[in-house]
Amino acid sequence: MTILDGKKVSNDIKNEIKAEVDKMIANGEKVPHLAAVIVGNDGASLTYVGSKVRACERVGFESTMVRLSNTTSEVELLDKIEELNNNDAIDGFIIQLPLPDQIDTQKVLMAVNPDKDVDGFHPMNFGKMALDMSTFIPATPFGILELLDRYNVDTKGKHTVVIGRSHIVGRPMSILMGRKGFPGNSTVTLTHSHTKNITQITSQADIIISALGVPNFLKAEMVKDDVVIIDVGITRVPDETKERGYRITGDVDFENVSKKASHITPVPGGVGPMTIAMLLKNTLLARERHIQRS
């Protein structure tokens with residue numbers, strides 16, 4: 001059984017990006033600049049954005065964190081997005097989700113300039129991804145593809161089962177795993193909360209990508225031998241034995257499923273670190289495209 005070590009691979013990718021940035025600096029070029037907009041004081045969001053800022057520092061990017069209060073109106077946020085769209089110094093930016101109830105998330109994501117949408121959430125970028133055109137792939141699916149690629153996991157002709165149909169992970173993964181090329185060329189089944197006989201489906205899968213958000217949902221009896229497991233789930237489960245009072249748990253019963261798997265991602269340390277690494281990769285790509293447009 002091989003552990004798909006997202007921590008190691010993400011470090012490799014950051015080192016590669018830093019080497020690219022060092023070349024830019026040596027050539028007197030402007031380095032990539034990523035901005036992050038956060039509305040409110042959600043603890044998990046603040047932690048996540050903080051880790052993105054630190055990752056930018058590590059690879060030599062410039063970064064800007066835009067913090068807005070919880071009472072920010074939709075109009076105020078849209079004005080800030082317009083400002084970032086028109087700021088030539090910023091190559092890409094993200095809107096940290098979730099947003100407060102008074103703001104229409106879809107309207108906000110639509111307002112982001114697709115050329116700066118390094119999260120890959122804009123319908124134009126999503127559409128290009130679905131049509132196999134060059135675009136920004138959402139960071140988590142992009143990270144999963146990179147893990148499969150770097151560990152040379154065979155996907156051609158395999159049966160891939162995706163659990164969960166979110167716009168951020170499940171749906172894009174179902175498209176990407178069925179595309180021509182590597183990783184891809186697999187036969188994909190997309191399952192969700194209304195799927196009947198899910199065990200019957202998962203037990204036939206060669207590759208399972210679970211992005212459900214239900215701790216320990218996928219049990220050993222639901223998978224076959226030598227299955228490849230990608231666990232995207234990340235849930236805080238109360239645990240008084242831990243200093244923080246909780247532990248991070250994935251969708252997969254790792255202890256038992258790992259005994260049957262050929263490859264598996266741990267939680268934490270699997271898909272999570274890859275997400276930030278691929279956000280940096282998208283920002284580097286945004287800078288390169290910015291130069292081409294100029």
Side-chain angles (χ1 to χ4, degrees), residues 4-18 20 32 34 36 48-49 51-52 55-56 58-59 61 91-97 109 112 114-153 155 160 162 164-186 188 190 207 209-211 228 230-234 263 265 267-289:
L4 300 173
D5 189 345
K7 205 168 181 181
K8 180 197 175 295
V9 174
S10 71
N11 280 328
D12 291 345
I13 291 166
K14 286 173 188 171
N15 290 337
E16 291 160 15
I17 293 170
K18 187 173 188 322
E20 289 287 322
L34 174 68
Y48 193 42
V49 171
S51 60
K52 289 171 182 174
C56 284
R58 178 182 159 181
V59 299
F61 285 7
D91 300 294
F93 66 96
I94 61 160
I95 312 295
Q96 184 62 39
L97 303 178
L109 296 179
V112 176
D115 291 329
K116 294 190 176 190
D117 169 41
V118 287
D119 257 339
F121 292 163
H122 192 283
M124 186 183 288
N125 287 327
F126 198 97
K128 282 182 175 179
M129 178 200 71
L131 293 169
D132 270 350
M133 295 167 72
S134 178
T135 189
F136 298 117
I137 297 172
T140 301
F142 197 5
I144 294 168
L145 293 180
E146 196 73 15
L147 269 181
L148 293 171
D149 184 6
R150 295 204 180 209
Y151 278 93
N152 204 26
V153 175
T155 60
T160 297
V162 179
R165 54 181 168 183
S166 74
H167 295 167
I168 295 172
V169 183
R171 200 165 299 183
M173 278 319 305
S174 69
I175 295 166
L176 292 163
M177 291 301 287
R179 68 181 181 168
K180 287 182 181 176
F182 174 73
N185 278 325
S186 65
V188 183
L190 179 62
I207 301 167
I209 300 166
S210 186
V228 175
I230 306 290
D231 188 352
V232 189
I234 183 160
H263 299 75
T265 58
V267 177
V271 174
M274 294 298 297
T275 299
I276 291 178
M278 302 321 281
L279 178 67
L280 296 176
K281 200 156 185 174
N282 273 345
T283 305
L284 181 63
L285 182 63
R287 178 73 206 133
E288 288 165 358
R289 289 179 181 172

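Hydrogens, waters and symmetry mates are skipped; everything else that's a heavy atom, side chains included, is used.
With sequence neighbours left out, Lys7 forms a salt bridge (charged side-chain N to carboxylate O under 4.0 Å, His left out) with no residue at all. By the side-chain hydrogen bond (donor to acceptor under 3.5 Å, both in side chains) test, Lys18 is found to be paired with Asp22, residues two or more places apart in sequence or in another chain being considered. Listed by chain and number, the residues in a salt bridge (charged side-chain N to carboxylate O under 4.0 Å, His left out) with Asp91 are Lys30, Arg287 (sequence neighbours excluded). Under the side-chain contact (heavy atoms from CB on, under 4.5 Å) criterion, Tyr151 pairs with Thr2, Leu4, Asp5, Val9, Leu147, Val153, not counting sequence neighbours.
Annotation: side chain to side chain donor-acceptor pair (under 3.5 Å) contacts involving residues 132-146, sequence neighbours excluded, comprise Asn125-Thr135, Ser134-Arg289, Thr140-Thr275, Glu146-Arg150.
The distance from the CZ atom of Phe136 to the CG atom of Asp115 is 7.0 Å, given to the nearest 0.5 Å. Interatomic distance, CD1 of Ile207 versus OG1 of Thr160, reported as 3.5 Å (0.5 Å rounding). Atom NZ in Lys8 sits 10.0 Å away from atom CD1 in Ile13 (nearest 0.5 Å).
Using a 4.5 Å heavy-atom threshold, the side chains of Leu279 and Asp119 count as touching. For the pair Leu148 and Ile230, the minimum side-chain heavy-atom distance is below 4.5 Å. Annotation: side chain of Leu97 is in contact with side chain of Phe121 (closest heavy-atom distance under 4.5 Å). Lys128 is not listed as a side-chain neighbour of Ile137, based on a closest heavy-atom distance of 4.5 Å or more. In this structure, Leu145 and Arg179 have side chains that are in contact, with non-hydrogen atoms separated by less than 4.5 Å.
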Cut-off 3.5 Å, no hydrogens considered: what does the side-chain donor-acceptor table look like for residues 167-178, sequence neighbours left out?
residue, atom, partner, partner atom, Å
Ser174, OG, Arg171, O, 2.6

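Side chain of Thr155 to main chain of Gly184: a donor-acceptor pair is present (N/O by atom type, distance under 3.5 Å, no hydrogens or angles).
The nearest pair of heavy atoms linking Ala55 to Lys14 is CB-CE, 4.4 Å. Shortest non-hydrogen contact noted between Val118 and Asn282 is O-ND2, 2.9 Å. Nearest approach of Ile276 to Ser51, heavy atoms of both residues: CD1-OG, 3.2 Å. The minimum heavy-atom distance linking Asp117 with His122 is given by the pair OD2-N, 2.8 Å. Contact detail for Ser10 and Met274: the closest heavy-atom pair is N-SD, 3.8 Å. When all heavy atoms of Thr265 and Gly270 are compared, the closest pair comes out as CB-CA, 4.2 Å.
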